[in-house]
Structures are given as C-alpha cells and as structure tokens.
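All values derive from a computational prediction rather than experimental measurement.
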2 protein chains.
Amino acid sequence: MHTPVDNARAVLLCRYNGPMNAPRTARERARAELTAEILAAARRQLAEEGSAMLSLRSIARELGMASSAVYRYFASRDELLTALIVQSYTEIGEAAENADLPGAAPQERWLAVWRAVREWALANRHEYALIFGTPVPGYIAPHITIEVAGRMPLTLARIVADTRKDGNLTPATGPVCPPEAINPDMTLLLEGERFSADEVARLVFCWNRLVGIIGYELHGHLANVTADDSLFFDHTARTEGAYIGLPFR
Amino acid sequence: MHTPVDNARAVLLCRYNGPMNAPRTARERARAELTAEILAAARRQLAEEGSAMLSLRSIARELGMASSAVYRYFASRDELLTALIVQSYTEIGEAAENADLPGAAPQERWLAVWRAVREWALANRHEYALIFGTPVPGYIAPHITIEVAGRMPLTLARIVADTRKDGNLTPATGPVCPPEAINPDMTLLLEGERFSADEVARLVFCWNRLVGIIGYELHGHLANVTADDSLFFDHTARTEGAYIGLPFR
DNA sequence: CTTAACAGAGAGCGGTGCTCTCTATTATGA
DNA sequence: TCATAATAGAGAGCACCGCTCTCTGTTAAG
C-alpha cells in the first residue's frame with residue numbers, strides 16, 4: 001500500500017538517486033507522473049512567489065484537479081515543502097560538487113565552489129530562503145533533509161582535507177577554539193579524515209559565512225554598503241579561505 | 001485627522017523616544033491606550049507562537065473586540081508586524097548599547113556587547129527571527145525600521161573607532177578588501193570617524209557573523225556540532241574581535 | 001469474476017486578511 | 001447650546017487557506 005509520504009519519497013529518490021524499481025502498472029506510472037507534476041508546479045510557484053504564497057489549492061487549480069485530490073499525493077503542505085527542501089538542498093549540493101575540480105589548486109577550487117553556491121542562490125532566491133531562512137515554527141525537518149543538507153558543506157571540507165594532505169595548509173592564525181566547545185563526534189566529518197576541534201570550528205565559520213553573506217546580499221542588507229557585490233563576494237571567499245589555511249595570496 | 005499609521009507611529013515614538021505631546025481628549029487617551037494594548041497582545045502572541053501564527057483576529061478575540069475594529073488602529077497585518085519589528089530592533093539596539101561600557105578595555109566591551117545581543121536573542125527568539133530571518137516576500141521595510149536597525153551595528157563600530165583612537169588597533173591581517181567593492185558613502189558610519197573600505201568590510205563581516213552564528217544556534221544548525229554553545233559563542237566573538245584588530249590574546 | 005485498493009470530485013469546517021455598511025458616541029465650531 | 005463632522009465599534013460578507021469526509025467510478029489482484 002502506498003502512502004503519500006512513500007510516494008513523495010519515491011519521486012525524490014527517483015529524481016536524485018537514480019531510478020528505482022520502475023512502476024509496472026498503468027496506475028503506478030500515472031501516480032509517479034502526477035506526483036512529479038505536482039512537485040513541478042509547486043516548484044514553479046515557489047520560485048515565482050516564495051514559500052509563503054505556495055498553496056495546495058492553487059497547485060490543484062493549475063493542474064485542473066480538485067484540491068482534495070492533491071492530498072492523495074502529498075499528505076500536507078508541510079510534506080510538499082519538505083520535498084521542495086530536499087530538492088533544493090540536493091541542487092545546491094550538486095552545484096557545489098560540480099564546481100569543484102579536485103585536480104586544481106585549492107584556491108581555485110575554493111573560489112569556484114563559493115561562486116557556484118552564490119550563482120545558484122541568485123538564480124533560486126526563494127529556494128535559498130526556504131532552506132537557509134527562518135525555519136517555520138512547528139516544522140520539524142525530517143531525517144531525509146538532514147542527509148542531503150550535508151553535501152555543500154562537505155564539499156568545502158574536502159578541499160581543506162585535500163590541501164592538508166598535500167601539505168599546503170597554512171598554520172592557523174587568530175584565536176584557537178577551545179576543544180570543549182566542539183562535539184568530539186564532529187572531528188570525523190569525512191571518511192578517513194580527522195579534523196581538530198579548531199578546524200571544525202573554522203569550517204563552521206566558513207559555512208556560516210557562505211550562507212550568511214549570501215543571505216545578506218539576497219535580503220538587501222548589503223544594498224547601501226557594497227558597490228560591487230560580486231567583487232565583495234570574492235573577497236569574502238578569499239578571506240574565509242585564508243582564515244581556514246588555504247594558500248591565498 | 002489620525003490615520004492608523006500615524007497612531008502606530010505615535011505609540012512607537014512615545015514608547016521609545018520619550019513621551020510626545022500628551023493626548024488631551026478622552027478619545028485620544030483611549031486610542032493611545034488601546035493601540036498599546038493591541039501591540040502588547042501582538043507581542044505576546046509573537047513571543048509565544050512566532051510571527052506566522054500571529055493574526056489580527058486572535059488579537060481581537062483576546063481583547064474582546066471585533067476584528068474589524070482592530071483595523072482602526074493598524075491598517076494591516078504588515079503594519080502591525082512593522083511595529084513589532086521596530087520594537088525588536090530598538091530592544092536589541094538598547095541591549096547592545098547598555099552592555100557597552102565606554103571606559104572599559106575594548107576586549108571587554110566587545111565581548112559584553114556580543115553576549116548581550118545573544119542573551120536578547122535567546123530570550124526573544126521569535127522576535128530575533130522576525131528581524132533577522134527571511135523577509136516576507138512583498139514586505140517592504142518602511143524607513144522607520146531602517147533607522148532603528150543601525151543601533152546594534154553602530155555600537156560595535158564605536159568600539160572599533162574608540163580603540164583606534166587610543167592607538168590600540170592591531171594592523172589588519174589576511175586579504176584586504178578592494179576599495180571598489182565598497183560604497184564610498186559607507187566610510188562615514190559614525191560622526192567624525194572615517195573608516196577605510198577594508199575596515200567597513202571587516203565590520204560588515206563582524207555584523208554578519210554575530211547575526212549569523214546566533215541564527216545558527218537558534219535554528220539548530222549547531223546542534224550536533226557544538227558541545228558548549230556559550231563557549232563557542234565567546235570564541236566566535238573573540239575570533240571576530242581579533243579579526244577586526246581588537247587586542248585579543 | 002468478485003473483491004479490495006485506489007483516484008478523483010465535491011461539500012464542508014474552521015480559520016485567515018480585509019472591506020463595507022450601519023449605528024452610537026464624542027469632539028468641535030458657529 | 002446645538003448642529004455637524006469625525007470617530008469607534010459591530011457585524012456581515014468576500015475570497016482565500018489547510019484539511020477532512022463521503023461518495024462514485026475505475027483499476028488491479030486473487
């Protein structure tokens with residue numbers, strides 16, 4: 001028996017983790033298609049109007065079906081939002097991963113990933129707000145979102161790990177994070193790569209800066225401060241790269 | 001003739017900029033009181049349930065009046081939110097200013113202000129989300145919000161300016177911001193104090209970090225990373241303080 | 001071929017922001 | 001003092017929203 005939850009999950013996994021066992025009956029095929037159509041309409045509404053303006057009823061109208069019928073596919077608005085969140089996390093993660101060129105110099109890799117994330121954010125500002133904005137009160141992020149949320153941060157961590165492996169990581173400057181502040185489990189972010197508490201803290205700062213400075217730009221907090229947002233963003237990337245020990249400058 | 005806008009503004013100014021010309025007629029007094037009561041009820045609902053759950057109708061119910069009557073005082077839900085935004089910006093600005101002790105050592109001042117902002121945020125998380133979270137699509141921040149939004153950032157800038165005036169500012173390390181990236185108007189943040197483009201950029205980074213790292217903590221992004229949030233926050237404050245040139249360590 | 005699962009439609013519930021009209025009250029100026 | 005104008009509140013109503021329930025027709029499975 002299919003529940004809406006299962007189906008949404010199936011569509012997502014199918015779209016992002018390769019095809020599952022293909023639907024065999026006509027009904028299953030129609031179900032998968034309609035689920036995808038609903039998700040596509042939702043994504044369009046999200047992109048154009050933002051998550052606050054996204055309603056199941058207008059999606060139903062757009063697809064020419066009764067609003068109650070949509071609930072056969074997504075059990076609630078929250079579940080539809082979850083699907084969009086997973087989709088967005090996956091896309092931004094892929095953007096980061098695809099921008100990374102493991103053979104290149106660490107500075108180039110770092111800058112390329114930062115720029116790719118910003119590009120995605122500028123092209124998908126409502127999606128960006130959905131995943132990095134204020135969480136809706138009462139909304140609990142399902143486990144599946146936590147899994148996909150890590151791809152972008154881990155791409156940055158990988159660059160640092162590779163640089164250190166090549167012996168090109170500059171010794172840390174500035175205050176060192178007290179080890180008690182960091183959860184020891186976090187020192188194993190990547191397989192076979194151990195990070196010190198201070199390195200974890202520095203990585204957190206980098207993620208925080210990347211997310212935060214893009215948020216500042218998107219929300220207009222930089223409007224009267226910067227004269228050239230791209231230039232300022234590159235400077236931000238370089239600053240954080242230097243901070244974590246990449247051979248910038 | 002009073003419009004709801006004028007009255008909301010009057011209440012705000014009265015509450016935060018000292019009493020205006022006192023209401024003279026009984027009607028004017030009743031109006032000012034009811035406006036304040038509505039605002040108080042709204043603040044309570046905001047604090048308890050978050051901005052998404054705030055509705056004019058439930059406020060009207062709570063105060064025992066018809067929902068349409070509330071519109072005599074606030075022309076729309078957005079306007080009520082604006083009043084709450086102004087209130088929150090003012091409170092966080094006052095928290096920052098009151099924590100600052102202009103006579104003390106710059107490191108102590110810096111840390112005290114950072115901690116005060118965090119304390120306010122932890123005690124008023126929905127208010128914090130309202131002013132630093134994702135802006136509502138379509139919502140245009142009125143000019144009055146922009147005025148009060150600057151108090152907290154300027155408190156930090158003042159510490160830096162004072163430190164430099166005393167000759168205790170450490171020379172900058174790390175990449176220098178290209179001047180073309182920064183709006184020249186921003187080099188005059190405080191009266192009589194000029195900042196270089198690089199200093200403005202560093203200040204922006206500090207504001208961005210303060211807002212961002214508290215957001216990370218409030219939204220649970222640090223949950224599995226940090227073991228001691230207060231300790232980690234202090235480390236954050238010190239790191240940014242050292243970055244901008246305060247004599248930390 | 002029977003039976004169970006499923007998909008869709010439609011009505012309905014309680015909620016929202018907001019508008020409009022109507023009435024009662026208050027303030028003001030001749 | 002009194003007519004007039006401004007104001008406050010109530011209530012009905014509009015168009016939405018998320019979500020549930022029931023009913024009907026269709027598809028798949030045993």
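- Looking at residues two or more places apart in sequence or on another chain, you find no side chain to side chain donor-acceptor pair (under 3.5 Å) involving B:T145.
- Legend: residues meeting salt bridge (charged side-chain N to carboxylate O under 4.0 Å, His left out) with A:E48, ordered by chain and number and at least two apart, are A:R44.
- Using a cut-off of 4.0 Å between Lys/Arg side-chain N and Asp/Glu carboxylate O, A:E127 and A:R43 are scored as salt-bridged.
- As a whole-Å value, the separation of B:M65 CE from D:dG9 P is 5 Å.
- Nucleic acid contact for A:A30: none, since no nucleic acid atom lies under 4.0 Å from a heavy atom of the residue.
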Atom pairs and distances, donor-acceptor, side-chain atoms in residues 52-60 of chain A, under 3.5 Å, two or more places apart:
| from | atom 1 | to | atom 2 | distance (Å) |
| --- | --- | --- | --- | --- |
| A:S55 | OG | A:S58 | N | 3.0 |
| A:S55 | OG | A:S58 | OG | 3.0 |
| A:S58 | OG | A:Q45 | OE1 | 2.9 |
| A:S58 | OG | A:Q45 | NE2 | 2.9 |
| A:S58 | OG | A:S55 | O | 3.0 |

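- Under the side chain to side chain contact (heavy atoms under 4.5 Å, CB included) criterion, B:A129 pairs with A:T134, not counting sequence neighbours.
- Applying the side chain to side chain donor-acceptor pair (under 3.5 Å) criterion to A:E97, with sequence neighbours excluded, gives A:R151.
- Below the 3.5 angstrom threshold, one finds a donor paired with an acceptor across the side chain of B:S68 and the base of D:dG11.
- Taking atom CD of A:E28 as the reference point, atom C1' of C:dC6 lies 11 Å away to the nearest angstrom.
- In summary, A:E119 and A:R125 do not engage in a salt bridge, as defined by a charged side-chain N under 4.0 Å from a carboxylate O.
- Summarising the geometry, the separation between CG on B:L63 and C1' on D:dG9 is reported as 13 Å, rounded to the nearest angstrom.
- Rounded to whole Å, atom P of D:dG13 lies 18 Å from atom OH of B:Y71.
- For B:R61, counting side-chain heavy atoms from C-beta on, the closest listed nucleotide (D:dC19, D:dG11, C:dG15) is C:dG15.
- With rounding to whole Å, A:R29 atom CZ is found 13 Å from D:dT27 atom P.
- Scanning residues 46-57 of chain A for heavy-atom distances under 4.0 Å to DNA chain D yields A:L54, A:S55, A:L56, A:R57.
- For B:T25, taking side-chain heavy atoms from C-beta onward, the closest of the listed nucleotides C:dG10, C:dC18, C:dT28 is C:dT28.
- Note on A:R31: every side-chain N or O is 4.0 Å or more away from OP1 and OP2 of C:dA5.
- Regarding B:R77, its CZ atom lies at a distance of 16 Å from the P atom of D:dC17, rounded to whole Å.
- Remark: B:A149 engages B:Y89 in a side chain to side chain contact (heavy atoms under 4.5 Å, CB included) (not counting sequence neighbours).
- Comparing D:dC19, C:dG10, D:dA28 by their closest approach to the side chain of A:A26 singles out D:dA28.
- For B:F74 and C:dC18, the CZ to P distance is 13 Å, given to the nearest whole Å.
- Protein atom OH of A:Y73 is 12 Å distant from nucleotide atom P of C:dC6, rounded to whole Å.
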Can you give me the N/O atom pairs linking the protein to nucleotides 21-24 of chain C at distances under 3.5 Å, or say none if there are none?
none

Only pairs under 3.5 Å count here: list side-chain donor-acceptor contacts from residues 181-191 of chain A, not counting sequence neighbours, and write none if there are none.
| from | atom 1 | to | atom 2 | distance (Å) |
| --- | --- | --- | --- | --- |
| A:N183 | OD1 | A:D185 | N | 3.0 |
| A:N183 | ND2 | B:N224 | O | 3.2 |
| A:T187 | OG1 | A:P184 | O | 2.7 |

